[in-house]
Every structure is written in structure tokens, then in C-alpha cells.
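Please read the structure below before turning to the comments.
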Amino acid sequence: MRFRCVTLLLLAGLAGCGDGGDAGEVWRFALEEVEGSVQWAYAREFKSMVEARTDGEVTVRIHPYGSLGTSADLTQQVRQGALQFTFASPGHLGSVVPEVQLLTLHFILSDDNRVNHEVLTGNQRFNELLDEAYRERGLTLYSIVPEGWMVWTAGKPLRNPADFDGVKIRTMVSPLLLSSYKAYGAKPSPMPYGEVYGALQMDMIDAQVNPVFAIQEMSFHEVQDAMTRARHAQFIATVASAPGFIDGLSAERRAMLDEIRGELAGFIFDKQRELNDKRLAMIEDSSDIEIIELDDSQRAAFRERSLPVRDEYVELAGERGRKLLDTLVQAIEQADGTE
């Protein structure tokens, strides 16, 4: 309770300060990632658009990871109204909004990333169902932001489920993520993002999973020997808003945010690809880490192990979770032309 009060007091104090001269309305946007990340690029573009289209009447202040606490802290602060926007990834938010854990399921997305982008950012029914779940837990869903394919790093290649036997892999706290890696034979170990490098270095864990850009920016490749690309899942974040914040804006401001959301969807799709490609080249140039790309038969072995976790999701998330799962699978198949 003391930490919460101190945090809110700190934010309240900052509200009158700004970046050395904020005037008018201030919107605070917190990230789960550091400067230079996909989330940083999204927030910077959001800031630029909002400030330009409000003629400076609104200032957007960006808080990178660690400046306001953990991901769980950020969710709590936005629910309390101390932040206007925050990134909230399903791996952390799943304990608050069980339905969002759908986005952590393995081998549910298309191999074609453009299909994933189209469905996740453009399917109205899917977004409406997920927003219902957010609102019931004191949040508002603003946008879904795919950040690229997750990859595994470890002290050895992970070519088949047998290679995961006994491997201590860091995951986020989502129960379904734990189930997915247990299904592969691993020993999932949830821990905060900022502790992963030290845990790898000290052999407290053996492996981790993240998109390429995050692996490079956090230097995880320096303390790992192999990177395995299985295209098993994307890192998908969501942007959540304070309860009632967007609904309480003028019709003009709400229309502005709708317009910005649509424009940012295309912007961040290109930006995440650019960042991930660039960071992979940097990893290859600066280290001798072995990079393995799994073939279809290797991926199929993991996919088979992952399928029972879908039933666990429906049991956890209930009827709305089942509707979300059916909506997503059908939309992916239709966009892929495999329906």
C-alpha cells in the first residue's frame, strides 16, 4: 500500500511539472520496454501525432520500462487513473484479464505476418470482444500491437521437444505460457524482464523467449549460445487506457484517437519488421551465437504438443474466451485462404 501511495503522489507531482515546460493537458504513456524498442517507436509516433493534431494543447509524456515500476505496477496505475495509457502484454495482463491470454497461445497465428497484422488490428468483432473483457476489469482496450516473432535462446539449439527436457526457461507470468512450456518438457520460470540477463549470466535459468529486437537491446545473446526460430508465437502487446478516459473525451478528440490508431497500425507493422531485421543483423555481426530455423516437420512436433493448451484456455477464459478463440482462428483461416 505504501508503494502505491508513493507512486500516485509522485505522478501527481509530475503532472504539474511536464518536460521542463508542459502546458495544458498532459497524457502519460508508460512502456514495458526500454528506449529504442518497438513500444518506444509506437509511443513516439503517438506523441507526435497527438501533439500536432491538438496544436500543442495536449502533451504526451513517455515513461520507458523501469521508470514507474514493473508491468504489473503499470496496469495498476492505469486502472487507478494515474496513467492515461500503458502497454500491457498478455503474458502479464493475463492474470487480470484471462481472455487476453489467447494471444500467448502457440501455433495459432498464420505463418504470413501480413495476415496476422490484418486480423489482429482490423477484425472488429475480435477487438470488440476483447474490449468487453478489458472494461469488466477496469481497463479500456485502445489497440493491439504485434511486435514480431518470438524466438528461443538457450545454451543449446532447441530443435524438438526433447531438447526442452529440464530446461529452465524464463517466461512471463501467464498460466497458459507456463502450460505451453511444460507441454514441451521445460521448467518455466516467471521473472521480471529486468532480471533476465543476470539470471542467464548466473545460470539461474537456462533459456528465455523474446522477439529479436528485445534480445539484442537487452544483450541476452551475449550469455546464450543458440537462437532457435520456430515461429511458434508473436510477441503481441496491447495498449490499455485508464477507465473512462477515452469515453470522457470530446467527440473530436475521440475521433482523433480513432484516426491515429488506424494510422499507427500500418506504421508499427513496418517499424517492427525494420527493427527486428536490423537487430538480427547486429546480433550476427557482434556475436557467434548459432541461429537455427526450424523446418515444417520440426515445428509440427511442437504444434502437436501445444494443442491441448487451447482447451485449457477455454476452461480458463469461459464462453467469451471460446468466442475469441473461434473468431481468431476463423479469421486467420479465411485470410490465409485455408478455410
Side-chain angles (χ1 to χ4, degrees), residues 31-44 64-66 71 87 89 91 104 106-107 109 111-114 116-117 145-160 163-164 167-172 177 181 184 186 188-189 191-237 267-295 298-299 302:
L31 316 183
E32 294 180 308
E33 298 168 359
V34 299
E35 292 186 22
S37 64
V38 171
Q39 292 184 12
W40 175 258
Y42 185 100
R44 291 285 292 179
Y65 179 78
S71 296
F87 271 97
S89 57
T104 71
H106 290 188
F107 297 99
L109 297 178
D111 288 349
D112 184 344
N113 206 18
R114 289 193 176 276
N116 299 324
H117 166 70
V145 183
E147 298 191 35
W149 292 109
M150 302 280 274
V151 301
W152 301 317
T153 68
K156 63 179 181 180
L158 300 168
R159 293 188 173 91
N160 55 67
D163 291 330
F164 268 104
V167 170
K168 293 177 290 184
I169 183 169
R170 180 267 177 179
T171 69
M172 291 177 281
L177 279 175
Y181 285 102
Y184 299 156
S189 302
M191 69 174 56
Y193 187 49
E195 297 177 12
V196 176
Y197 183 93
L200 290 169
Q201 190 176 42
M202 298 173 65
D203 295 324
M204 295 171 61
I205 54 174
D206 307 309
Q208 66 83 45
V209 55
N210 263 297
V212 170
F213 78 86
I215 291 169
Q216 190 279 328
E217 72 188 11
M218 299 300 285
S219 301
F220 298 151
H221 62 288
E222 296 178 354
V223 286
Q224 299 273 261
D225 296 321
M227 175 189 293
T228 303
R229 298 163 62 89
R231 284 173 289 131
H232 63 289
Q234 293 250 338
F235 184 81
I236 300 170
F267 165 82
I268 206 62
F269 176 78
D270 292 334
K271 179 59 69 172
Q272 64 80 21
R273 180 177 55 190
E274 173 190 325
L275 278 174
N276 281 302
D277 288 348
K278 180 179 179 181
R279 300 296 176 81
L280 180 60
M282 293 171 68
I283 289 173
E284 291 175 320
D285 289 344
S286 64
S287 74
D288 57 0
I289 192 169
E290 182 181 4
I291 299 176
I292 302 98
E293 186 84 32
L294 298 192
D295 61 30
Q298 291 170 320
R299 295 177 67 234
F302 285 107

Measuring only between side-chain heavy atoms, which start at C-beta, is Asp225 closer than 4.5 Å to Glu290?
no

Within-4.5 Å side-chain heavy-atom neighbours: Arg273 and Asn113
no

Got a sec, which residues hit side-chain hydrogen bond (donor to acceptor under 3.5 Å, both in side chains) with Gln272, two or more places apart in sequence or on another chain?
Asn276

Does the side chain of Phe213 come within less than 4.5 Å of Ser37's, by heavy atoms?
yes

For the CZ atom of Arg114 and the CZ atom of Phe269, what is their distance to the nearest 0.5 Å?
4.5 Å

Side chain proximity check, Val145 to Gln39, heavy atoms < 4.5 angstrom
no

With sequence neighbours excluded, tell me which residues meet side-chain hydrogen bond (donor to acceptor under 3.5 Å, both in side chains) with Glu217.
Arg279

OG of Ser287 to CE of Met282, rounded to nearest 0.5 Å, is 11.0 Å

List in chain and number order the residues that pass side-chain hydrogen bond (donor to acceptor under 3.5 Å, both in side chains) with Thr104, two or more places apart in sequence or in another chain; answer none if no residue qualifies.
none

Please identify each residue that fulfils ring pair (Phe, Tyr, Trp, His ring centres under 6.0 Å) with Phe302, with sequence neighbours left out.
Trp152, Phe164, Tyr184

Nearest-0.5 Å distance, CZ of residue Arg229 to CZ of residue Arg231
8.5 Å

Heavy-atom neighbours of Asp288 CG exceed 12 at 6.0 Å
no

Between Gln216 and the options Ile283, Leu280, Asn210, the side-chain contact (heavy atoms from CB on, under 4.5 Å) test singles out Ile283

Please name all residues satisfying side-chain hydrogen bond (donor to acceptor under 3.5 Å, both in side chains) with Asp203, sequence neighbours left out, ordered by chain then number.
none

Glu35: what forms a salt bridge (charged side-chain N to carboxylate O under 4.0 Å, His left out) with it, not counting sequence neighbours?
none

